[in-house]
*Asks:* 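The structure follows.
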2 protein chains.
Amino acid sequence: MRPVRRQQLHENVARQLRALILEGALSDGDRIIETALCAQLNVSRTPLREAIKTLTHEGLIEHRPNRGARVTKTTAKEMRQLFEVISGLEMLAAETVAASIKQSEFKRLKSLHDKMAMHHTAGERDEYFALNHQIHLKIVELSGNPILIETHASLMTRARHLRYQALAGQDRWMEAMEEHNGIMKAFEAGDAALAGRLMKQHVRRTGEVVEATFPAP
Amino acid sequence: MRPVRRQQLHENVARQLRALILEGALSDGDRIIETALCAQLNVSRTPLREAIKTLTHEGLIEHRPNRGARVTKTTAKEMRQLFEVISGLEMLAAETVAASIKQSEFKRLKSLHDKMAMHHTAGERDEYFALNHQIHLKIVELSGNPILIETHASLMTRARHLRYQALAGQDRWMEAMEEHNGIMKAFEAGDAALAGRLMKQHVRRTGEVVEATFPAP
DNA sequence: TACGCCTAAATTGTATACAATATACAATGT
DNA sequence: ACATTGTATATTGTATACAATTTAGGCGTA
């Protein structure tokens, strides 16, 4: 039986803060006044400060000593750099997975892929995106490397609120689906090098599109 | 004029804690009693707890709610997984650097490399190690990707106190030097794919050796 | 003896109080 | 009017106090 999930206040606060940032209630560059947020969230400063520290490590918040915290201002360039690192990690994951994936795991992945393809043809944007994200996550998970999974997750948090923009254009949408098809084929063939190369290209390309469609400063 | 470095107490505490762990004053699995450490370090619990949170994010400490913190027990397997992720990141760095390194930067890197080779032939272990580490760091830095640099640094912290074991054997020492030679040649030739491949192999191999020489549980 | 239940001590989590630092703005002199 | 300094206010950093939870051990009972 799996152990009960023990919650700490600062975890909830961190989650809420993350949500506030990702959904835009707090926008880039906004200063975070501890006491004000405390009142709003109805917690004391201690757990809030712990949450701020957490988000700082995730890169969503910047914190200068004695000058308080601000929501990180993300530039187009940083976005590309972020996706570049993610591409390196997902490449590693894809290689590992392609080399060792079990039949049953592949089937499960394939079913996700097929479902995504369906939504793609149907033009159902939100469902397509959700599955896309799930697939990338699944592949990293299948690597079986907890450190890889955790590192990846942390970086993805920063990229997340931009995912919609990423595939905004119809062209890229088409292209991305094609790339996913290629990756699945490489998995099926057990071609690790190919799977890795394709995945890297795919993520990197996504990063480039995000960079291009980024709101000009 | 560059701004004065503003220190926070919890940063110093974090540094000291890290040192305590890396030099073995606190060993794997040791419980960390907050009040005891506070007395020892002469700070209150607040900054210590912040430091603990920092090291938790770095993976040096594990923290279960209401049950306190423990120094992470690192298994051989986790070490290999750690190096695997690092290999992915350094591969990315090597590729980027090989494709775009400037003459002056290459010269500086080469001089580090040559100095390392010297210490290698002279059998000066400590100096060799220090330079080895510096070179890997330098290559990642030259990528010019802050996110890559930071992610890499964070993972390296966990691998650091095991670096000595890693190249313990004379055989591996020889091998590693050879691999470094190959990487430098790839840089010189501007062959990104080769540099990346070699770097990945090099780091992965290091991880395997670390895993093998790991004290049995 | 082994097991469960209860209580006390230890320890961690959260809130608050106090100290240090930064920011904003007025007063002063040039 | 402008720059500079001094002072008040706001805000963050650290210490401490209090609450909640876990851990350890004693006691009785089967």
Side-chain angles (χ1 to χ4, degrees), chain A residues 1-21 25-73, chain B residues 1-21 25-73:
Chain A
M1 193 161 83
R2 102 191 151 92
V4 291
R5 171 97 186 91
R6 223 164 272 284
Q7 283 261 6
Q8 301 220 150
L9 195 46
H10 71 84
E11 289 180 29
N12 281 320
V13 175
R15 204 183 345 273
Q16 283 204 251
L17 246 181
R18 231 178 264 122
L20 285 175
I21 293 173
L26 290 168
S27 15
D28 287 8
D30 275 8
R31 173 116 183 247
I32 293 173
I33 311 281
E34 296 181 0
T35 50
L37 248 182
C38 283
Q40 216 177 309
L41 299 176
N42 199 37
V43 295
S44 78
R45 282 176 60 213
T46 311
L48 174 62
R49 284 174 61 85
E50 296 192 359
I52 286 177
K53 187 163 280 295
T54 301
L55 295 226
T56 300
H57 277 112
E58 290 174 4
L60 287 172
I61 284 180
E62 274 168 1
H63 192 85
R64 291 164 59 198
N66 294 315
R67 299 198 186 172
R70 295 179 172 284
V71 180
T72 303
K73 224 178 266 179
Chain B
M1 193 159 84
R2 103 192 151 91
V4 292
R5 171 95 185 92
R6 221 164 272 286
Q7 284 259 9
Q8 301 219 151
L9 194 48
H10 71 83
E11 290 180 28
N12 280 320
V13 174
R15 202 182 347 273
Q16 282 204 253
L17 245 181
R18 231 178 263 121
L20 284 175
I21 294 172
L26 292 168
S27 15
D28 287 9
D30 275 8
R31 172 119 183 246
I32 293 175
I33 311 282
E34 296 182 1
T35 49
L37 247 182
C38 283
Q40 216 176 311
L41 300 176
N42 199 38
V43 293
S44 80
R45 280 178 59 213
T46 310
L48 174 63
R49 283 175 61 85
E50 297 191 1
I52 286 176
K53 187 164 279 293
T54 302
L55 295 227
T56 301
H57 278 112
E58 290 174 4
L60 287 172
I61 283 179
E62 274 168 1
H63 192 87
R64 291 164 61 196
N66 295 312
R67 298 196 187 177
R70 297 181 170 281
V71 179
T72 302
K73 224 179 265 178

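These figures come from a predicted structure and were not determined experimentally. Throughout, a chain's letter reflects where its sequence line sits, starting with A, and its residues are numbered from 1. Quick note: numbers below take in every heavy atom, side chains included, and nothing from hydrogens, waters or symmetry partners.
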*Asks:* Where do B/I52 and B/E34 come nearest, in terms of heavy atoms and distance?
*Replies:*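 Scanning both residues, the minimum pair turns out to be CD1-CG, 4.4 Å.
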
*Asks:* With rounding to the nearest 0.5 angstrom, report the CD to CD distance, B/Q16 to B/Q40.
*Replies:*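 With rounding to 0.5 Å, CD (B/Q16) is 9.5 Å from CD (B/Q40).
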
*Asks:* Could you tell me whether the side chain of A/T72 and the main chain of A/I61 form a donor-acceptor pair under 3.5 Å?
*Replies:*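 Yes; at least one donor-acceptor contact below 3.5 Å.
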
*Asks:* Tell me which one of A/H10, A/R49, A/H57 satisfies side chain to side chain contact (heavy atoms under 4.5 Å, CB included) with B/K53.
*Replies:*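 Of A/H10, A/R49, A/H57, side chain to side chain contact (heavy atoms under 4.5 Å, CB included) with B/K53 is met by A/H10 alone.
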
*Asks:* Using a 4.0 Å heavy-atom cut-off, write out nucleotides 11-19 of chain C from 5' to 3' as B (base contacted by protein), S (sugar-phosphate only) or - (no contact).
*Replies:* SBBBBBB--

*Asks:* Which atom pairs link the protein and nucleotides 5-9 of chain C when you take only N or O atoms and keep those under 3.5 Å?
*Replies:*
none

*Asks:* Measuring from atom CG of B/L17 to atom OG1 of B/T54, what distance do you get when rounded to the nearest 0.5 angstrom?
*Replies:*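 Answer rounded to 0.5 Å: 9.5 Å.
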
*Asks:* Please report the interatomic distance CG(A/L9) to CG(A/L48), rounded to the nearest 0.5 Å.
*Replies:*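 Going from CG on A/L9 over to CG on A/L48, the span is 10.0 Å.
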
*Asks:* With sequence neighbours left out, write down each residue that passes side chain to side chain contact (heavy atoms under 4.5 Å, CB included) with B/R31, or none if nothing qualifies.
*Replies:*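 With neighbours one apart ignored, the set is B/I33, B/R70.
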
